[in-house]
Amino acid sequence: MRLSCQLFTTLREDPADAEVRSHALLARAGFLHKLAAGIYVYGPMLKRVLAKIEAIIREEHASAGYQELLMPAIQPRELWEESGRWERYTSDGILFHMADRKGSEICLGPTHEEVVTDFVRRRIQSHKQLPIHLFQVQTKFRDEIRPRFGLMRGREFIMKDAYSFDASSEAMAESYATMRGVYERIFSRCGLRFTAVQADSGAIGGAASEEFMVDAETGEDAIAVCHATGYAANLERAVSRIPTPPETPDKVDMHKESTPGAKSCDDLVALFPNLPLERMLKTVLYKAQWADKDGVVAVLCRGDREVNEVKLINHLDALHLELADEKTVAETSGAAPGFAGPVGLGEDIRLLADASVEGVHGFLCGANETDVHLLDVWFGRDLEQPETLDLGMVQEGDSTLEGDGTLEITRGIEVGHIFQLGTKYSESMEAYFTDENQARQPLWMGCYGLGVSRTAAAAVEQGHDENGMIWPLPIAPYSVALLQLKPGDEAQDSLAESIHEKLEAAGIDVLWDDRPKLSPGARFKDADLVGLPLRIVVGRDAPDGRVEWSLRSGGDSEVVDAEEAIARAVAACEEKES
RNA sequence: CGGGGCGUGGCGCAGCUUGGUAGCGCACCUGCUUUGGGAGCAGGGGGUCGUUGGUUCGAAUCCAAUCGCCCCGACCA
C-alpha cells in the first residue's frame, strides 16, 4: 500500500486530553479521533488492527465450534424487564435509554445476554439440540460514570461476546473450560503478555468467572499473583492467609482514653506509639441498599488491613453499598466519623467482622463518642466476638491460603472476562428445554466477553517506547514499513517498487512510505510513531540493490540485499502464523 | 453526584489580572534550494476567542447563565 495515496496524518505533540500513553500515541498517529467523551472515530490504521484482532478471534471461535451471529444494538425494555436488569441498569445510570416515537422504551445494548437468551429460547425445545455455541462482534454502549484513558474505557466500544447453552452444569463447565483455552490462544496469538485471574462476577451474575489481564503498569485493575503456586486473582476476589496477630498483652480492664481529633489509624499510632497497628480495630460504617430496604452495616477490621467492598456487597447480597456519610455516622454511632466502635453500637446495626480481627485481644477501637477511643478491649469479656468471615483486601507479601507462596500485587488491563452464568437468565427469562426424561429444564449458560477495541489499546500500553508504538506482528496494521527516503530518485523508485510488489505478492501487508518531498528525518519519526514491527529502508544503497533492515522493537539495523530483506520479512511473517 | 481546572486558526499554547477588535510554535499553500533522524530562505492563507445574555462608547478580557471537555474525589475512621 502506498502511503502517498492514504489519509495519513501525524501530530508532533500529544493531544492535551490524553492521560495515558496508548491514548496519546494512537491520537498522535492519527489512529483515533475523539468525537465526544468516551466516543471515538477509529481511523483506517486502527481499523486494520481491529480487523486483525477480530480475524484471530473468529478463527479461534470457529475452531471451538462457535457460530457467529449479529444481534441488534437497539433492545426493547421488555426484554430487560424479564431478566430484571432494567431497573438496576437504569438506576446505576449506565444504560443509554430513550423512548421511540410511539413512546416505547428502548436502550442501546450494553451487553446481549437478554437478546441471545431470547433468540435461543425460541429455537430450543430438546436436549438433542444442545449444546449451542454462539458469538458476535458488536458495538456496546455504556454510559460510564467516568469514561477515560481513550479507548480503554469508552462509552461506545467494540466487544466480542460469546454464549454457550448446555443441558447440565457439567456440560456448562466443559464449555467454559473450552472457552478458557480459546481465550489463551487468542491473546497469545495477538502477541500479548497476559495473566488469567479468578474474578468477581459482578453485575452479570453467576458462579465461576475468570478475567484475562494484559500485564501493564497503567492497568485499572490490581491483581494478586503468586509465581510459586500459579495463584492469580483480581484484588476484588483474592484471598490470602492473614499474618498472625501480635502477642496478646496482659489483661487490663477496658478503659476510655481521650483522643481528640484522632480520626485515622495514623493519628492513633502517633498518639499511642507503643500500640501496634494490628491491635487497633477500625469500625467501618456502610450504607447498604437492597431491593426492598436500606440499612447500615458496620464492619470490624484490623488496623493494618482494609475492607474489601466487593466481598462485603456479595456477602450482604446488596444492590448498592457506600461508606456512610457524616450524618449517618452521627445517627448510628452517636459520634463524629472516626470514633465508631463495636461496643454499644445500636441494636439495629448489623455488625460483621473481617477474619483479620480473629485472635486480636486487648485492642483499641472507637468508643462511639467523639474524641474518645476504648483501650484494652477484649472479645468475650467486653463484647461478644462477632462471627468473622473474609471481608478483607489481600496485601502484598501475604501468604497464599495454603501458605506455600507469597502474593505480589501487580496491575493489568482487563481485556477478557468469562463466566459460568448457570441458570440465572434462563430461569428468569424462561429458556427451557425438555430432557431425556420429558422434564422441563432451564438451559445452563456461559458468557464470554472480550474487549476488541480495548485489546488494541492494551497492546499499545504494553508495547511502546519514547518514540512511539511498537505493535506485535500479528495485530500490527501493516507488517512491514517500507521507507523510501528519496522518492523520485530512479534507483530508489524501481527498487522500492519491486520490493513492494514482491512483498504484496507474498501476502505480506506492507506500507510503502513514498510520500514526496519529505525529509528522511520526518519519515523515520513517523515510522517510529506508527510502530510497524518490520522496517526496510530504501536509501543511498539502492543503486547496489541494497537496503537497510531493522526491527521496530530494537536491535541494530543491517544493510542487506533487497532479496535478503524480503526473505527476512517473509520468514518473520511465517513464524507469526505458526 | 461533589470538588477543581480548561474552552482562543487543524494541533499545542500565550493574551484576560489592569477592556481599545488577536499573537506564537507546529501543521498548511506557493516558489527556490535541500534530502539518512521532525531542512533553509522568501512569500501566503486561515480564527464571529464554546454559546447566549448583560455591563460598557467599546468585551477574548468584566458579570451571569448555559453547553462541552479534562482531572481529582466519592469520605477505610
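In the text below, chain A, chain B and the rest are named by the order of the sequence lines, each starting its count at 1.
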Donor + acceptor pair across side chains of A/Asp514, A/Gln484 (<3.5 Å): no
Nucleotide B/A74, atom P - distance to CD of A/Glu144 in whole Å: 18 Å
Proximity of A/Phe339 and A/His373 rings by center, below 6.0 Å: yes
For B/C6, the Watson-Crick or wobble counterpart (both distances under 3.5 Å): B/G68
Neighbour count above 12 (heavy atom, 6.0 Å) for A/Ile145 CD1: no
Whole-Å C1' distance, B/G46 and B/G54: 32 Å
A/Leu511 and its side chain to side chain contact (heavy atoms under 4.5 Å, CB included) partner, picked from A/Arg2, A/Met45, A/Arg48, A/His500: A/Met45
Check: A/Glu461/A/His464 side-chain N/O donor and acceptor closer than 3.5 Å: no
Letter per nucleotide, 5' to 3', of nucleotides 38-44 of chain B [B base touched, S only sugar-phosphate touched, - untouched; heavy atoms, 4.0 Å]: BS-----
Near-ring test A/Tyr40/A/His23, centroid separation under 6.0 angstrom: yes
Base paired to B/C1 (Watson-Crick or G-U; both N/O distances under 3.5 angstrom): B/G73
Rounded C1' spacing from B/C26 to B/C32 in Å: 23 Å
Rounded interatomic separation in angstrom, taking CD from A/Gln289 and C1' from B/C1: 14 Å
Toward the 5' end of RNA chain B, by each residue's nearest nucleotide, A/Ala340 or A/Asp14: A/Asp14
Sugar-phosphate, base or nothing in reach of A/Thr9, heavy atoms under 4.0 Å: nothing
Nucleotide N/O of nucleotides 67-70 of chain B paired with protein N/O under 3.5 Å:
from, atom 1, to, atom 2, distance (Å)
B/C69, OP1, A/Ala37, N, 2.9
B/C69, O3', A/Lys34, NZ, 3.1

Whole-Å C1' distance, B/G38 and B/G15: 28 Å
Separation of B/C76 P from A/Met280 CE (nearest whole Å): 17 Å
Sugar-phosphate, base or nothing in reach of A/Gly539, heavy atoms under 4.0 Å: base
B/C62: pairing nucleotide in any strand, Watson-Crick or G-U under 3.5 angstrom: B/G54
Sugar-phosphate only, base, or nothing, as touched by A/Arg515 at under 4.0 Å among non-hydrogen atoms: nothing
For B/G23, the Watson-Crick or wobble counterpart (both distances under 3.5 Å): B/C13
Check: A/Phe363 ring centroid to A/Phe379 ring centroid under 6.0 Å: yes
Heavy-atom donor-acceptor pair, A/Glu322 side-chain to B/C75 base, under 3.5 Å: no
B/C62 to B/U56 separation - C1' atoms, rounded to the nearest Å: 10 Å
Along RNA chain B (nearest heavy atom to each residue), the more 5'-positioned of A/Ser557 and A/Pro15: A/Pro15
Any-strand Watson-Crick or G-U partner of B/C41, both distances under 3.5 Å: B/G31
Rounded distance (Å) that lies between atom P of B/G10 and atom CG of A/Leu7: 16 Å
Sugar-phosphate only, base, or nothing, as touched by A/Cys301 at under 4.0 Å among non-hydrogen atoms: nothing
A/Lys486 NZ to B/U33 P, straight-line distance once rounded to whole Å: 12 Å
Pairwise C1' distance for B/C71 and B/C63, with rounding to whole Å: 27 Å
Test log, rule side-chain hydrogen bond (donor to acceptor under 3.5 Å, both in side chains), inputs A/Ser550 and A/Arg535: CA-CA 5 Å; A/Ser550 62; A/Arg535 194 178 78 180; 3.2 Å; yes
Nucleotide nearest A/Val284 when distance is taken to its side chain, options B/G37, B/C76, B/A74: B/C76
Closest approach of A/Met469 to A/Leu26 (non-hydrogen atoms, all atoms of both residues): SD-CD2, 3.7 Å
Distance between C1' atoms of B/G31 and B/G45 (Å, rounded): 15 Å
Whole-Å distance separating the NZ atom of A/Lys517 from the C1' atom of B/U34: 12 Å
A/Ser240 side-chain N/O to A/Thr400 backbone N/O, donor-acceptor pair under 3.5 Å: no
Donor-acceptor pair, side chain of A/Glu396 and main chain of A/Ile409, under 3.5 angstrom: yes
P spacing across the pair B/G2 / B/U66, given as an integer number of angstrom: 13 Å
Atom pair distance, as rounded to whole Å: CD in A/Glu13 and C1' in B/G25: 8 Å
Distance flag, aromatic centroids of A/Trp86 and A/His97, threshold under 6.0 Å: yes
Nearest-Å distance once atom P is located in both B/C70 and B/C29: 31 Å
Whole-Å gap separating P (B/G37) and CZ (A/Arg552): 17 Å
